[in-house]
Number of protein chains: 2
Amino acid sequence: MHVDNLKKELKEKQYRMTPQREQVLKVFLETNSEHLGAEEVYRYLLNKRTNVSKATVYRTIDLLVELGFLRKLQFDEGVYRYELVDKDSKHSHFICNSCGKIYELKDELSAEKVLHEYILKLEKLGYKIDEVDLKFRGICPKCAKKARGIVR
Amino acid sequence: MHVDNLKKELKEKQYRMTPQREQVLKVFLETNSEHLGAEEVYRYLLNKRTNVSKATVYRTIDLLVELGFLRKLQFDEGVYRYELVDKDSKHSHFICNSCGKIYELKDELSAEKVLHEYILKLEKLGYKIDEVDLKFRGICPKCAKKARGIVR
DNA sequence: GTATCTGCAAATTATTTGCCGTATT
DNA sequence: AATACGGCAAATAATTTGCAGATAC
């Protein structure tokens, strides 16, 4: 489980483990890391009658990013979203312009292999690459199917 | 020149051509489309003693995006940035974590070919792709060279 | 016990909007 | 002349910050 990792990581950096920090991390674990924004995390905790102030949610999320538990994302809205950093699976995102769903393209749909040779090319030219961010937008298979249904 | 295209495009959609709209578009043409944010466009015009209010800058930029003259970008700051849509050259971005410069990876550095087969794969699975957004972060060749210099 | 953390409310930043006078067609 | 547009100032939305009391270690 992840919460113990947090406990350990905090201790190492002389931060303190608090109920609030545990709760915020748990939100991401419980929701299966559904690209939540800070406001959504706050609401989720309110619903569970768990008292964490909004300021603390923001501060804790920042901390979790700093410690490498969360990755900060942007999808062209006015909000930052976050996902659990899953060390062994890099992925890209597909955002459906119709239903808004964010798909994670990984495993057999991973773009990693495809990009690998390209990244080598950049590195040969002196670019040192720390992060790759690949996003697609369009219509997802589900919505595309529905749309076809309507046409007929 | 692009300003005439704007004039034409506006007429077609029964929008009006105004000095402010011309000025805002010109900023992007004159600065070689350096990924400016709205605030920067506003400042640029102030310096040139061209009077355009901030609200108009925002509204005009939105319009230019809607008309397809500008593309809206996000680089994990709290600001939207914009670039001229250059029809015949899709490109990705490399953001240097050291100097902050944003590089456009195009022409011989274009990732288009590499991604092409991958996109076909997605489309075979029913995804309809309208937009691809690929970004890298790391250290650019210039900064990498400098850093090496310091080490010695 | 002490330094870190939290909650609250106020501040900040980027962007949007309402309203009314102005300019384009 | 009619309608779209621009400027201003106020409104909004997301996030950040200062401070005083609470809590982890």
Side-chain angles (χ1 to χ4, degrees), chain A residues 3-4 6-27 35-46 48-67 69-82, chain B residues 3-4 6-27 35-46 48-67 69-82:
Chain A
V3 169
D4 291 328
L6 177 57
K7 212 164 282 189
K8 198 181 125 207
E9 194 65 18
L10 289 172
K11 187 166 281 177
E12 273 177 26
K13 309 243 164 104
Q14 36 234 33
Y15 290 119
R16 292 175 182 176
M17 186 49 157
T18 66
Q20 290 89 340
R21 285 172 181 179
E22 173 163 353
Q23 288 308 320
V24 170
L25 178 54
K26 272 191 176 168
V27 173
H35 312 101
L36 302 178
E39 182 74 30
E40 291 168 326
V41 171
Y42 174 71
R43 294 253 171 88
Y44 184 93
L45 288 172
L46 268 195
K48 283 180 42 181
R49 312 227 139 52
T50 311
N51 265 26
V52 183
S53 73
K54 206 178 278 190
T56 296
V57 170
Y58 274 100
R59 283 188 280 229
T60 302
I61 286 178
D62 282 354
L63 182 65
L64 292 174
V65 170
E66 189 194 316
L67 296 178
F69 286 79
L70 294 180
R71 184 181 296 123
K72 194 173 189 173
L73 305 172
Q74 262 183 323
F75 296 107
D76 287 334
E77 321 148 283
V79 212
Y80 289 109
R81 301 190 166 279
Y82 303 86
Chain B
V3 169
D4 292 328
L6 177 58
K7 212 164 282 189
K8 197 180 126 209
E9 194 63 19
L10 288 173
K11 185 166 285 177
E12 273 177 26
K13 309 243 164 105
Q14 37 234 35
Y15 291 120
R16 291 175 183 177
M17 186 49 157
T18 66
Q20 290 90 337
R21 288 173 178 178
E22 173 163 352
Q23 288 309 319
V24 169
L25 178 55
K26 272 192 177 171
V27 173
H35 312 101
L36 302 179
E39 181 75 30
E40 290 168 328
V41 171
Y42 174 70
R43 294 255 172 87
Y44 185 93
L45 289 171
L46 268 194
K48 283 179 44 181
R49 314 232 136 48
T50 310
N51 266 28
V52 183
S53 73
K54 207 177 278 189
T56 296
V57 169
Y58 274 99
R59 284 189 278 229
T60 303
I61 286 177
D62 282 353
L63 181 65
L64 291 174
V65 170
E66 190 193 316
L67 296 179
F69 285 79
L70 295 180
R71 184 181 295 122
K72 194 173 188 173
L73 305 172
Q74 262 184 323
F75 296 107
D76 287 333
E77 323 148 284
V79 213
Y80 289 109
R81 299 188 166 280
Y82 303 86

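Atom set for the values below is all heavy atoms of this structure, side chains included, hydrogens, waters and symmetry mates excluded. As the structure is a prediction and not an experimental result, all values here were calculated from the model. Every chain is numbered from 1, with letters handed out A, B, ... down the list of sequences.
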What is the distance from CZ of Arg43(B) to P of dA14(C), rounded to the nearest Å? 9 Å
Length of the CD-C1' vector between Gln20(A) and dT4(C), whole Å: 12 Å
Rounded distance in Å - CG (Asn51(A)) to P (dT23(D)): 12 Å
Around Gln14(B), counting heavy atoms of other residues, nucleotides and ligands shown, do more than 12 lie under 6.0 Å from its CD? no
What is the separation between atom CG on Leu45(A) and atom C1' on dG7(C), rounded to the nearest whole Å? 15 Å
What string of B, S and - do you get for nucleotides 13-19 of chain D, 5' to 3', when a contact is any protein heavy atom under 4.0 Å? -SBBBB-
Round to a whole Å and report the spacing from CG of Asp76(A) to P of dT15(C). 13 Å
Does Arg21(B) reach the main-chain N or O of Lys7(B) with its side chain, forming a donor-acceptor pair under 3.5 Å? no
Please name all residues satisfying side-chain hydrogen bond (donor to acceptor under 3.5 Å, both in side chains) with Lys8(A), sequence neighbours left out, ordered by chain then number. none
If the condition is salt bridge (charged side-chain N to carboxylate O under 4.0 Å, His left out), which residues does Arg43(A) pass it with, not counting sequence neighbours? Glu39(A)
If the condition is side-chain hydrogen bond (donor to acceptor under 3.5 Å, both in side chains), which residues does Glu22(B) pass it with, not counting sequence neighbours? Lys26(B)
Does a side-chain heavy-atom distance below 4.5 Å link Leu64(A) with Leu6(A)? yes
Whole-Å distance separating the CD atom of Gln74(B) from the P atom of dA14(C): 13 Å
For Glu40(A) and Tyr44(A), what are the C-alpha separation, side-chain angles and deciding distance, and is it a side chain to side chain contact (heavy atoms under 4.5 Å, CB included)? CA-CA 6 Å; Glu40(A) 291 168 326; Tyr44(A) 184 93; over 6 Å; no
Can you tell me if the side-chain N/O atoms of Gln14(A) get under 4.0 Å from OP1 or OP2 in dA24(D)? no
Atom-to-atom span, CD of Glu22(A) to C1' of dT23(D) - whole angstrom: 15 Å
Straight-line distance of Lys72(A) NZ to Tyr82(A) OH, nearest 0.5 Å: 4.5 Å
End-to-end bend of the helix from dG1(C)-dC25(D) to dT25(C)-dA1(D) (five-pair axes, 10° rounding)? 30°
Under 3.5 Å between N/O atoms: give me all the protein pairs with nucleotides 21-25 of chain C, atom names plus distance.
from, atom 1, to, atom 2, distance (Å)
dT24(C), O3', Met17(B), O, 3.4
dT24(C), O2, Arg16(B), NH1, 2.7
dT25(C), OP1, Met17(B), N, 3.2

Short side-chain N/O contact to dG6(D) OP1/OP2 from Ser53(B), under 4.0 Å: no
Rounded to the nearest Å, what distance is computed from the CG atom of residue Leu6(A) to the C1' atom of nucleotide dC5(C)? 14 Å
For Gln23(B) and Lys48(B): C-alpha separation, side-chain torsions, deciding distance, then whether side chain to side chain contact (heavy atoms under 4.5 Å, CB included) applies. CA-CA 10 Å; Gln23(B) 288 309 319; Lys48(B) 283 179 44 181; 3.8 Å; yes
Separation of Met17(A) CE from Leu25(A) CG (nearest 0.5 Å): 7.5 Å
Closest non-hydrogen contact found for Arg81(B) with His35(B) is NH1-O, 2.8 Å
